[in-house]
**Student:** 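Dropping the structure in here first, questions after.
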Amino acid sequence: MVSLKYCQHQSKVSMDFLNRSIAVVEQLIKSKMIYFMRVFVLIFCLFSQVAFAQQKENLLWYNKPAKDWNEALPIGNGRLGAMIFGGVAEELIQLNEETLWTGGPVDPNPNPDAPKYLEPVRNALFNDSIGKAVQLLRKMQGPNTEMYQPLGDIIIRQKFEGEPKDYRRDLDISTAIATTSFTADGVHYIREMFSTAVDQVMILRLSASKKGALNFSVKNQHELAFQSFVNNENELVLRGKARITNDERRNPKPIIFTDERNEDGMRFEWRVKVISNDGTLTTDSLLNISNASEVVLLISAATSYNGYDRFPDKDGKDEKAEVQKYINGAMVKSYNQIRKNHISDYSKYFNRLNLSLTSLPVPDLPTDERLRLYKAGTADPKLEELYFNFGRYLLISSSRPGGIPANLQGIWNPLIRPSWRSNYTTNINVQMNYWPAEMLNLSELTEPLIEQTKRWAHNGAATAKNYYNMKGWALHHNSDIWAQTNPVGEGGGDPKWANWSLGSPWISQHLFEHYRFTSDKKYLKEVAYPLMKGATEFCLDWLVEKDGKLITAPSTSPENVYLHPNGFKGTVTIASAMDMEIIWDLFTNMIEASEVLGVDKEYAAMLAKKRDMLSPLKIGKKGNLVEWFGDWEDEDPQHRHVSHLFGLHPGRQISPLLDQKYADASRKTLEVRGDGGTGWSKAWKINFWARLLDGNHAYKMYQELLKGSTLNNLFDTHPPFQIDGNFGAISGIGEMLLQSHLDAVQLLPALPDAWKDGHVTGMIARGSFEVDMFWKNGKLTKAFITSKVGNPIQLRSNQKIKVKGLKVKSSPAKVNNDTQYITSFDTKAGRKYEIIVE
Ligand code: FUC
């Protein structure tokens, strides 16, 4: 075994502290220094309580192993992920690597016949021949996307004497470290695991409180064909290949790993290296460790993925060399060094924001038990905080600069045929993943999405041209690591999802939002604006003029079905509200961007004219916001998508601060839709209600999500697990506390009665301001605004405020029956302003 220098356990800082302190106390007793001992015990008690209290805040913990994947605990460094089950005699750790996908680069023109159907589709729609339009749209479809794949499993079989007791497993989301521990026959065993972005390895340390008491074996496995062996370095190696084809559980295809030219079929490899100071290692097909005291398993993985446009087999990276590189890099460092670097890297993101919703202590119960009680109606604001922080943990662990965006399951997927291929769905899901990033002070983590957008723009230009003969770039409803952009469905998909075509304008919103939060003009000029302009070009070509209005045709309202007054059901129509709102949003952003950059003045004026011609928002007979071209009923009035409220959130076209009648219509729409839905649907509704400035209803939706759509490991469930709900929910909480989409920075816009006293520090508002807020009895008591770049600011608050040291006036503004206050002032970059409530 390789030996590596590392000092005693530090995983449980407070446990260690306890042990060391006991030793000191014993010393003191021996030397009869009773007086000093008393003083010491007092100080120790004080400190250890602080340590425990701090740790418990951000801890998911359980007193039994996971019974299934939905109870296992996720760790990740953006690229390497694991789900830890915490088994005692048999531990299962299921692994992922973010680039392991089926297939290879896209065919830019898979359906050369597609363009010829566009005019007939439009004619059919204009003649209300919806059946015919659907039939024709199927002919305009292309291949389905590829699928995200599992990397394989590690199985650890541990031998010990006696019955295991004092079992516990936890995930500390303040350090991103998972720990499993138990006692057997008087020996305390601890397993500590994390995935570090610094060294690109996962590391698992097993230890026993008694010298030489560790006896276990390590095995690897994969559901598909693989090679496994122990190499000369005593590393357990698993080598495999991803399939070249994709399929679905309900329609499996034969498993094929290679094409004739060895182009596709991603290669992958992962290794487990054993490092220990004592004990013995024997190898057969397994690593067998006996009589060790402390063992570190160094795990790294790589695939041959070499970019979205390169064949992963033929032109793939040397994955073996990559794995070797990571292992070699980590080998020269001590465990404690790796651990320390990991914590400081992770906490530089995590510690930026702090939310407190209560001064109550954390209930001393396992997380699953707390969730069970919450579902039964017991209030637990600490659980609401924990879920919020867990969402931030998940984003930091699944989306890191240099990587690819978090997919439908972030980076955690155990299945070779995952639901919805664990891909990117662009009609809500992938966007929802990134809603919280900017405002929760994780702006850098949007980099993978921005980079992916460049790839979409490249492939999407071919799709716009080859499918529609149009300019710009198009992105349809599904995508993958290969940045596929064509309509999916393979001729059999329902157009209500497969042919949805407005991915490029929607994703462009994220490009502009990144600018709005960071004020980074260089980025706006060089990256965002050209991509946004490409999406605009597509939209301009895609719009059709009809009766003096600009409309889209074909159009859907994902993935809903209408009941036409003429007695037929339909999915495809013209000018759905969502289409109009998305295009309104892009044109508005383009107009603002061109102004900021001082470019394309005439172009912007043309866009403003076109924006005015867009088919307008309508209010229906029920007082609802109309979803379809006409005020038609829905087949399912409680449908999970609420696409037509795009303008309320994530857009900025509808707001009670702009025009109460559309806000009221949105409220009515939400009332008709109800408070149910899938996990992500409830998450979206938190955001909607927050934007309607109804904190209590937003909070109700948060409760609905926690009660009805949350698994024991706090993953969101559709069902099954989808990470979008986790991210959408924490975005909603952000919207309850701070809004800035209408240029003013609104403090505590939708605080619910349930969160009477609290504070949040480190949130970000558009215009590049860092905001800290403190409140009592539901009212703001104090705030701090740090101006990052020196933009002028307009604050909107429910109370009259002053700015310490500045002569500013807080002027009243009526919103419905409430009075709000507007306070404007210039700021200096880097200066922190104290806001005092009068
Ligand atoms: C959209 C939703 C589904 C699911 C899928 C991944 O198509 O309508 O509910 O979330 O994405």
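Every number for a ligand or one of its atoms is a count from 1 in the order of the listing. All values derive from a computational prediction rather than experimental measurement.
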**Student:** Give me the nearest non-hydrogen protein atom to atom 8 (O) of ligand 1 as residue plus atom name, then the distance to 0.1 Å.
**Tutor:**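 Checking every protein heavy atom, the shortest distance to atom 8 (O) of ligand 1 gives H641 NE2, 2.6 Å.
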**Student:** Can you list the atoms of ligand 1 that are under 4.0 Å from a heavy atom of L408?
**Tutor:**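 Answer, ordered by atom number: 6 (C).
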**Student:** Should W420 be counted as touching ligand 1, given the test is an N or O pair under 3.5 Å?
**Tutor:**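 Between W420 and ligand 1, no N or O pair is found under 3.5 Å apart.
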**Student:** Mark up the atoms of ligand 1 that fall under 4.0 Å of a heavy atom belonging to Q722, in ascending order.
**Tutor:**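 Selected atoms, number and element: 4 (C), 6 (C), 10 (O).
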**Student:** Within the distance-only criterion (no hydrogens, no angle test), does the side chain of N624 pair as donor or acceptor with the backbone N or O of S666 below 3.5 angstrom?
**Tutor:** no
**Student:** Please tell me whether E559 and N427 have a donor and an acceptor in their side chains that are separated by less than 3.5 angstrom.
**Tutor:**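 Note: E559 and N427 side chains meet the donor-acceptor criterion.
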**Student:** Determine whether any heavy atom of W680 lies closer than 4.0 Å to an atom of ligand 1.
**Tutor:** yes
**Student:** Measure from the side-chain N and O atoms of H649 to the backbone N and O of N687, and report whether any donor-acceptor pair falls under 3.5 Å.
**Tutor:** no
**Student:** Indicate yes or no: does R652 engage E513 in a salt bridge with an N to O separation below 4.0 Å.
**Tutor:**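 Here R652 does not pair with E513 in a salt bridge, since their nearest N and O are not under 4.0 Å apart.
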**Student:** Atom 11 (O) of ligand 1: which protein heavy atom is closest, and how many Å away?
**Tutor:** N429 OD1, 3.1 Å
**Student:** I'd like to know if the side chain of N486 pairs up with that of T463 as donor and acceptor (distance under 3.5 Å, no hydrogens or angles considered).
**Tutor:** no
**Student:** Quick one: look up the protein heavy atom nearest atom 1 (C) of ligand 1 and list residue, atom name and how far away it is.
**Tutor:**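 The protein heavy atom lying closest is E559 OE2, 3.0 Å.
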**Student:** Which atoms of ligand 1 have any heavy atom of H477 under 4.0 Å away?
**Tutor:**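 Those atoms are 7 (O).
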**Student:** Using the ring of each side chain (for Trp, its six-membered ring), is Y424 parallel, tilted or perpendicular to W101, with breaks at 30° and 60°?
**Tutor:**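 Y424 vs W101 ring planes: parallel.
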**Student:** Knowing that exactly one of K700, K707, K682 qualifies, which makes a salt bridge (Lys or Arg N to Asp or Glu O under 4.0 Å) with D675?
**Tutor:**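 Between D675 and the candidates, salt bridge (Lys or Arg N to Asp or Glu O under 4.0 Å) is satisfied uniquely by K700.
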**Student:** Taking a cutoff of less than 4.0 Å between a non-hydrogen atom of the residue and any ligand atom, is T678 in contact with ligand 1?
**Tutor:** no
**Student:** Quick one: look up the protein heavy atom nearest atom 9 (O) of ligand 1 and list residue, atom name and how far away it is.
**Tutor:** H718 NE2, 2.6 Å
